[in-house]
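A note on names: the letters A, B, ... follow the listed sequences, proteins ahead of strands, and every chain is numbered from 1. Note that these values count all heavy atoms, side chains included, but never hydrogens, waters or copies made by symmetry. None of the values given here were measured: they were computed from a predicted structure.
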Amino acid sequence: MFTMDVILGFVSFLLTLLVLSYILAGDNPFFRVATYAFIGVAAAYVVLVVFQQVLWPKLVLPLITGTQNGVPLTQVQRVLLLAPLLGGLLLLTKLSPGFSRFGSFPMAYLVGVGAAVTVGGVVMGTIFSQSLAAINLFPSLSQVGTAQGLVALVDALFMLIGALATLFYFYFGARTRSRQPGQPPRRSRFIEGLAWVGQIFIAITFGSLFAGVYIAALTALVERISFLLNFSPIL
Amino acid sequence: MADQIRCPMCSRLNPADLDVCQYCQARLKPLIAGSTPPVPPPTPPSQPETPSQNADQPSEEAPDWLHSLRGKEETGASEWDNTAESSSGEEDIPDWLSRIREKSDSGPEETAPEPPASSPPAGNELPDWLTGATFEEPAQQSQPSAPSGDLPDWLRDIREPDERSAPGPAGPASGPEEQPGDLASGGEPGWLEQLRSQQMVSDSPSAPPPSAAFSPGGAGENQIPDWLQSSPPPQPPQPPTPAEGSTGSEQPSEDLPEWLSNLMGEPPSTSSEPSILPWAAAGEEPPAQTPDFTMTGAGQPMDWGGAAVFSIPEPGEGAGSGPAQMGQENISPSLETPGETPDWLSSFGEPSPGADQVEPDWLASLENPPAQSQASVPGEPGPAVEEPQYYASLQQTPPAESPEPTPDWLEALGSDQPAPPPASEPTPALLFEESLPTPPPGEPVEPFVMADLPDWLSALGPAESGQAKESGQPPAQPSTPKGTEPAEPAEEAIVPAELPSWVQAMRPIESVAASSAAPPPSQETDQRIERAGPLAGLKGILPAEPLVAEYRKPPTYSVKLQTSESQKRYAQLLDEMLANETEPLAHRAERLISSQRVLRLVVGILVVAAVLLGSFYPFMPIPSQPAVEMSNLYNAVEALPGSAPVLMVFDYEPALAGEMESAAAPVLDHLMEKGARLSLVTTSPTGQALADRLLGSVFTPEAPDYQQPYLDRQAVIDLGYLAGGPAGIYSFVINPGLGAPRWAADNSNLQDVHSLADYRQIFLLTDSLDTGRAWLEQLAAAGPSVPGLDEVPVMLVTSAQAAPLLRPYLDSRQADGLLNGLMGGAQYEQLLQRPGVANRRWDSFAGGLLAAIVLVVVGGLVNGTLSLFSRRKTKDEA
């Protein structure tokens with residue numbers, strides 16, 4: 001009678017109630033039990049997944065069998081597999097204060113590779129594309145005369161002003177005014193105006209982000225309440 | 001005082017057992033005991049050897065110094081011989097002695113006794129009274145004043161024999177051919193005549209000229225009384241050059257009294273103690289008794305004319321055989337009894353009222369000659385010892401003009417004295433670093449208590465007064481001894497006597513300070529007393545030790561900070577200012593409407609209630625007009641051909657699984673309806689579990705046929721977990737077969753998929769900006785490397801919180817479609833016309849939205865109202 005689904009359902013129902021106890025009692029031990037269990041289970045699951053899907057099929061098995069995903073590896077490929085093995089062992093030396101300096105080599109490799117990939121992606125995938133996108137919003141001159149062109153133009157200008165205003169909001173360069181030597185350094189009025197407009201756009205953005213977070217959380221709540229409502233008859 | 005010794009330098013009392021003064025480190029006991037062989041004194045046959053007898057059997061009251069003097073009788077004669085004959089011995093003879101001898105050899109021409117030289121002979125420690133003694137007034141001897149009631153007995157005794165004895169020719173003095181103290185034809189004192197007579201009787205060939213003892217220039221035999229010549233002086237350590245005229249007859253060492261010979265310079269046991277009296281060497285007190293030499297041969301005290309302070313011992317009373325006996329150690333007591341000290345001599349040992357309540361310094365100097373005396377060295381100044389006060393008195397006190405001529409031998413004593421130093425350059429006295437008692441300014445320093453001094457001694461001759469004038473010292477007032485007539489006023493044309501240099505060097509600081517020309521004691525260069533080296537005790541010499549070797553205690557500086565009241569006040573103010581800076585500003589606590597716990601509870605209950613009511617009472621329909629980006633997604637999926645390979649990326653967290661499932665379920669259902677071959681991949685370790693959960697939520701209990709292959713996992717392949725974040729994504733994008741851990745080329749779902757460009761669509765299911773942006777960026781970065789990858793549409797299925805952040809990528813054409821949250825799912829289900837999970841949760845979702853809207857509006861209104869009233873309050877308070 002008690003199938004695995006029922007058991008798992010019951011555990012889910014219980015953990016859900018423990019988490020919802022935060023509304024009534026705040027940070028209480030029941031809530032902490034649920035969070036600690038989640039963290040522990042998640043950590044263990046991650047370890048298993050990493051070993052099962054990364055270390056074993058890509059490092060251990062190829063070194064042993066000489067094949068990877070059924071594809072035989074050459075001797076060079078097999079020798080090159082020693083590099084990640086050595087790097088992984090050196091990373092373990094980070095646990096010891098005396099030998100932690102040996103783990104700096106693989107750590108540096110990881111950081112370097114990751115930084116290179118990230119920077120390339122940001123440059124190619126965000127900066128260039130977003131800049132082009134902002135430029136492409138403006139309609140052509142031929143389309144400006146039309147209604148759609150005009151609306152597009154307004155939208156483009158709005159987008160451009162918003163983008164520039166947001167950027168200028170984060171511009172803090174200022175110089176002392178010779179006319180008022182006793183006054184603190186202040187930005188120019190033009191920049192001050194754009195920064196003020198940028199504040200508006202930033203505020204709207206933060207508002208939308210907050211709304212999205214609330215909606216996500218509300219959706220999660222709705223899902224959990226729905227689960228409780230659907231599981232309770234079973235109990 | 002029997003167990004104490006007076007220091008000859010500082011005149012301070014020291015215990016008798018000490019050899020060195022505990023104050024000034026001067027030697028207390030002369031090192032002459034046993035240093036010279038005793039010289040048997042020539043004894044006249046008629047004269048009983050009383051001195052020797054006395055030496056052998058000293059009376060009970062005879063002081064030790066007397067005994068020590070007597071002990072040297074045997075060595076006196078030989079010492080005189082050695083001293084006179086040997087050239088090496090000449091070095092030990094002081095200058096004054098040599099000069100005496102010279103004068104004695106030269107004859108009686110040199111009669112006028114010159115005032116004692118201001119600079120004493122080098123190293124000669126003879127007291128001033130002995131060298132520059134006012135033998136110039138022997139007239140007093142020939143004209144003895146009627147003894148008054150104040151005269152001491154010894155003086156009376158001296159004068160009485162003189163009065164009785166007619167002045168005759170010179171006595172039988174064999175030694176000195178001429179008597180010092182040149183008297184007139186009838187002016188020779190009787191005592192002197194007696195001495196001469198005695199001397200003639202003894203007529204010892206080895207008898208030294210007693211004048212040598214008195215005349216530093218070696219006046220010769222004629223100037224030395226017989227009684228002095230009879231006592232052989234001890235061998236001086238560094239005898240000065242004796243007079244050339246020293247003959248064999250000049251044997252002062254045999255005839256001079258021992259004490260005198262000691263002063264002349266005995267061969268000291270140490271190099272720095274040449275002339276120390278025997279009794280001083282014995283470390284005894286000065287003899288309280290009159291030396292024998294002070295007594296005449298008749299046993300009467302000799303009349304020195306107010307100059308000499310020694311008396312001739314009484315021959316009948318153990319004083320010896322006249323002058324021959326003089327100088328011996330038989331310095332017997334006074335005339336009356338062998339053991340009785342004359343009053344005048346005993347008075348020397350008594351503290352004088354005007355002095356330091358102790359015996360006179362001159363007598364003390366005889367007892368304790370300067371320990372570091374360099375008297376034997378000719379030409380050098382005297383040691384830095386305190387000169388007895390009588391020295392100064394002799395210089396200060398203008399010698400009274402004596403009606404009687406000064407004996408030749410006495411004058412000769414001062415004639416050969418070197419000229420005193422000019423007054424502008426006074427010889428520094430013997431000083432010590434310790435402060436010495438200084439007499440009142442202006443008050444002359446007198447060595448004697450005038451009440452106890454005889455006339456001839458208190459009334460100094462013109463030589464002394466003249467010497468005092470030259471030295472710049474005020475003439476000392478003559479002291480009138482008891483029972484004697486007052487001396488003549490000193491201010492009547494008194495010529496200061498010329499003190500020998502060594503005598504001047506021994507002057508006490510008082511005499512120097514009293515003089516106006518005296519340099520201030522602060523002159524360190526002149527007043528510094530050498531303490532090391534052979535010149536220890538002297539002053540005014542170059543330092544033997546370098547100044548750097550002298551240890552001086554470093555000055556101690558107070559570490560305490562000296563601050564004034566104003567500084568303390570300023571420091572206090574600064575401290576208060578700094579303390580105020582660290583103190584937090586007083587902040588007025590904001591009044592809370594309610595506690596946070598109650599607020600949280602209320603809000604929570606309200607939201608849950610709204611969610612529940614909404615589920616039971618739907619009040620908000622689903623928006624029918626979908627968004628453009630969602631329409632594009634729908635259209636893209638709708639346009640998929642059958643069995644098209646589709647890549648689905650599950651990169652969302654379990655916390656938002658409910659929302660993601662609400663949004664992705666209709667899309668997955670649509671893909672299943674299209675028969676797409678799904679390839680699942682994730683960069684999250686929990687992605688594979690979430691994918692299975694999503695597939696289970698899609699399936700309806702009444703699973704349609706098109707969903708069956710997915711239930712069998714035939715049309716779905718799990719490519720595994722991509723490790724490394726962006727690097728793993730990039731690797732997978734470049735080469736999916738190498739990047740994906742579970743890439744199976746032989747899988748039917750991957751039969752025509754070799755690269756990522758072979759997929760017809762890529763669905764990105766994410767709930768965060770990071771993962772979505774990472775996939776989009778790597779796809780854009782690897783685009784040039786993977787041909788055709790730009791043609792593959794990318795669809796975004798995101799959570800409501802990530803949708804605003806990922807929308808720019810949609811506007812930049814990096815993503816082709818966007819579906820966010822439960823609302824998007826609901827709208828997508830409307831498009832599919834298959835209500836699903838999203839439709840079932842929409843009412844609850846709507847209720848929650850309504851509650852949120854109400855809370856936001858109400859909270860805003862309340863907060864705005866409260867802030868408005870608080871501003872007014874602040875303005876009113878301001």
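When all heavy atoms are compared, the tightest approach of A:P62 to A:L73 is CB-CD1, 3.6 Å. For the pair B:D718 and B:R742, the tightest heavy-atom approach, listed with the atom from each and the gap, is O-CB, 3.4 Å.
For chain B, the nearby parts of A:L24 are the backbone and the side chain; heavy atoms of each come within less than 4.5 Å. For chain A, no part of B:A774 is nearby; none of its heavy atoms comes within less than 4.5 Å. Looking at B:F845, both its backbone and its side chain come within 4.5 Å of chain A, counting heavy atoms on both sides. Interface residue B:L656: only side-chain heavy atoms are found under 4.5 Å from chain A. Contacts of A:A220 with chain B are made by side-chain atoms alone, with heavy-atom separations under 4.5 Å and no backbone atom involved. For A:L110, no part lies near chain B; criterion is any non-hydrogen pair under 4.5 Å. In this structure, chain A has heavy atoms under 4.5 Å from both the backbone and the side chain of B:T686. Looking at B:A655, only its backbone comes within 4.5 Å of chain A, counting heavy atoms on both sides. If you measure heavy-atom distances from B:L849 to chain A, the contacts under 4.5 Å come from both the backbone and the side chain. When heavy atoms are compared at a cutoff of 4.5 Å, A:F210 does not approach chain B at all.
Rounding to the nearest 0.5 angstrom, the gap separating the CD1 atom in B:I762 from the CG atom in B:L776 is 10.0 Å. Atom CG of A:L18 and atom CZ of A:F38 lie 14.5 Å apart (nearest 0.5 Å). Taking CZ of B:R773 as the start and OG of B:S768 as the end, the distance is 9.5 Å to the nearest 0.5 Å. Atom CZ of B:F732 sits about 9.5 Å away from atom CG of B:L779, to the nearest 0.5 Å. With rounding to the nearest 0.5 Å, the separation of CD in B:Q814 from OG in A:S129 is 3.5 Å.
In terms of heavy-atom pairs under 4.5 Å with chain B, the best-connected choice from A:S226, A:P57, A:G26 is A:G26. The most heavy-atom pairs under 4.5 Å with chain B, out of A:Q53, A:E223, A:M124, come from A:Q53. Between chain A and the options B:P726, B:G604, B:G847, heavy-atom pairs under 4.5 Å are most frequent for B:P726. Heavy-atom pairs under 4.5 Å with chain A peak, among B:Q688, B:R813, B:M823, at B:Q688. Residue with the most contacts toward chain B among A:T126, A:V54, A:T118: A:T126 (heavy-atom pairs, distance under 4.5 Å). Highest contact tally toward chain A, considering only B:A852, B:G821, B:A780, is held by B:A852 [criterion: heavy-atom pairs under 4.5 Å]. Your options are A:L221, A:V122, A:L229, and the one with the most heavy-atom pairs under 4.5 Å with chain B is A:V122.
In terms of modelled atom types and a separation under 3.5 Å, the side chain of B:S812 and the main chain of B:Y809 share a donor-acceptor contact. Of the possible polar contacts, one joining the B:T682 side chain to the B:F650 backbone as a donor-acceptor pair under 3.5 Å is found.
In this structure, A:F158 has its ring center closer than 6.0 angstrom to the ring center of A:F201.
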